[in-house]
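Below is one structure, written out as structure tokens, with a few remarks after it.
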Amino acid sequence: MRWSQTLIPTLKETPAEAEILSHQLLLRAGLVRKLTGGLYTFLPLGLRSLRKIERIVREEMDRAGALEVSMPALQPPEIWQQSGRYETAADVLYKVKDRARKEWVLGPTHEEVITSLAAGEISSYRQMPRNFYQIGLKFRDEIRPRFGLMRAKEFIMKDAYSFDVSDDAAMASYHKMYDAYARIFARCGLKAFAVEADTGVIGGNYSHEFMVPAETGENDVAYLEDGSYAANIEKASSRGPLLPTPSVSTGATPELFATPGVVTIEALAAAPYSVHGVAQIKTLVYWVNGKPALCLLRGDDQANEAKLAGCFGTTVFRAATSDEIFGVLGAHPGSLGAVNMPGASTGVPIYADLALRGAKGMTTGANQDGFHLRHVDIERDVKAIQWSDLRTVRVGELSVGSGLPIKIQRAIEVGHVFKLGTKYSEKMGATYLAEDGQRRPCVMGCYGIGVTRTLQAVIEQCNDKDGIRWPLNVAPYQVLITPLGGAGTAAMKAAEDLYAALQSRGIEVLLDDRDERPGVKFKDADLVGIPLRVGIGEKSLAKGEIELKPRGGALTLCPVADAETRVAEWIKQQAT
RNA sequence: CGGAGCGUAGCUCAGCCUGGCUAGAGCACUUGCUUUGGGAGCAAGACGUCGCAGGUUCAAAUCCUGUCGCUCCGACCA
């Protein structure tokens, strides 16, 4: 491609709308343009990279034995009602109406569609295992689109769905996808790693997210230096907080004391009260299915809502409002506690974090504004506690297994593999006749890769102060020829010859044939980040030489006659 | 939805607080001349519903109200 014949609108200045580096480079290198928040047009250069990622994904999915299909983005709401997600996923569903005022749904994902396909087409154990995938647009009514392609209303996802006869067979399908994902991200030039992920209400232990370490990511990952453990912070657990919880009883019974105006853990930890966070019980109230539920944590701990969802058995819950809380406990946030709950609140489930097990001599709210209780022994003074791991792990805590200290790193989630089980197949009638003549639900798995997000993750990971440094496999072009001389010069002529020669070898080459000053061409070349630049200047050309300059590497000279083979060799060498 | 901020030329922004005459700069764009190894110089030119609507005023980019949009922080996800 000739630069002058395509559209590569590079920007010298950073658009104000772009906060993070990869978003800025996406715009500055002329890869995408925004239509409106969360919706982007891919320009020729950006589209080429996107297609390369798609091709890698497609090759690896095919290699893993998955079958490519294409499912409708526009879907009938009935199948969503059937799966139960018309309500539970309501906040991300785009809904549209046709002329007859019938409602339709724009698919945020395709479990319902693929399961209804399987319900119709898979009827025997002989037809499994099967894994169907597609690469296409997904629509999500994101509360807040942000960071360019990272979180958009419309994005390209590779989604795959496996169907198996048993749990064991489903695990085999799962591991195939896991391995395929590792290959995909490696081929994209990404340093990605798998972490244990929260399985939410579906349960089970089999869900991994593929993460790209990046400070701009939206996830926190807990991991161990030796690589033996890595988990999303939502899932991660430890041996518990580093500072021990008081476990010696004062012998006294709970005693009311006045704490006017004290409504935070910090305030109670300060003078004159000086009750350390480890000796406080934090009481949180959630609203689950229209009913209250209490969550008790040590004062210095943070609740982990993914873990709470596991306790509640649903992801549809929220923090109770101040008014709701007052109605239940007779006090406002800051003075709440599970000891001596008023009569109206009996029957409210109480979930407590394991770090509080055996806690004695604790201080907590008295359910009376402006008062707290001291000398609380939790197991003596609070009834009907359901114990569970509810806290968010912190840096430095010891891991459950090896006891090594936990580290925490920000990361971008680019892929997710999930063993679904029979949740959808049961609801949607995707059953088969087994060898023994029994009818059973198919055991499913689902596997997603955010393709557009992966593209941006590559940019986030591969750049320097001058611009993008594309990995060869996903670069829009492999080679950029930069002649330093206008039309009719010897440099341009040599560039044209090399351009034709490389093209005939099947090398993807971009020729900067613009009548621009060298400085402009160099700056654009660095910004756009093509892996290998061939510089052809009048001076070196007079000596029979041209320049080879890998992006971010050292410049070498090479005889004009050898240029074609040297470029081809370089590419071959990089590809291995 | 809660909190914060911003909407002025294609892009980056000044002007607004303290209302005033023809709304500005840099970059980009067009033409000409010069220049030509790291985002050139000179000259000429084109480009604006000052987000939109209403109000206050002799007078509004500027003050007030409403509204729409965007960005950032929080709750969701690939």
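Source: prediction; values computed, not measured.
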Salt bridge (charged side-chain N to carboxylate O under 4.0 Å, His left out) filter on A:Arg391, not counting sequence neighbours, yields A:Asp301, A:Glu397

In short, salt bridge (Lys or Arg N to Asp or Glu O under 4.0 Å) pairs touching residues 454-467 of chain A with sequence neighbours left out are A:Asp464-A:Arg551

Sequence neighbours excluded, the answer for salt bridge (charged side-chain N to carboxylate O under 4.0 Å, His left out) partners of A:Arg566 is none

Residues passing the salt bridge (charged side-chain N to carboxylate O under 4.0 Å, His left out) test with A:Arg183, sequence neighbours excluded, are A:Glu60

Which part of the nucleic acid does A:Gly37 contact within heavy-atom distance under 4.0 Å: base, sugar-phosphate only, or nothing? sugar-phosphate

Note: contacts of residues 52-59 of chain A with RNA chain B (heavy atom, under 4.0 Å) are none

Residue set satisfying ring-ring contact (aromatic ring centres under 6.0 Å, His included) with A:Tyr94, at least two apart, ordered chain then number -> none

Ordered by number, residues from residues 454-463 of chain A within less than 4.0 Å of RNA chain B (heavy atoms) are none

Practice item. Pick base, sugar-phosphate or nothing for A:Arg318, based on heavy-atom distances below 4.0 Å to the nucleic acid. Key: nothing

Next item on the list: Identify whether any heavy atom of A:Asp524 sits under 4.0 Å from a base atom; if not, whether one sits that close to sugar-phosphate; answer base, sugar-phosphate or nothing.
Entry: base

Aromatic ring pairing A:His416/A:Phe418, orientation class (parallel under 30°, perpendicular over 60°, tilted between): tilted

Note: chain A reaches RNA chain B at heavy-atom distances under 4.0 Å over the stretch, first to last nt, 5' to 3', of B:C1 to B:A78

Salt bridge (charged side-chain N to carboxylate O under 4.0 Å, His left out) filter on A:Lys307, not counting sequence neighbours, yields A:Asp389

Sorted by chain and residue number, the ring-ring contact (aromatic ring centres under 6.0 Å, His included) partners of A:Phe317 (sequence neighbours excluded) come out as A:Tyr286, A:Phe312

Residue set satisfying ring-ring contact (aromatic ring centres under 6.0 Å, His included) with A:His332, at least two apart, ordered chain then number -> A:Phe326

Side chain to side chain donor-acceptor pair (under 3.5 Å) filter on A:Glu545, not counting sequence neighbours, yields none

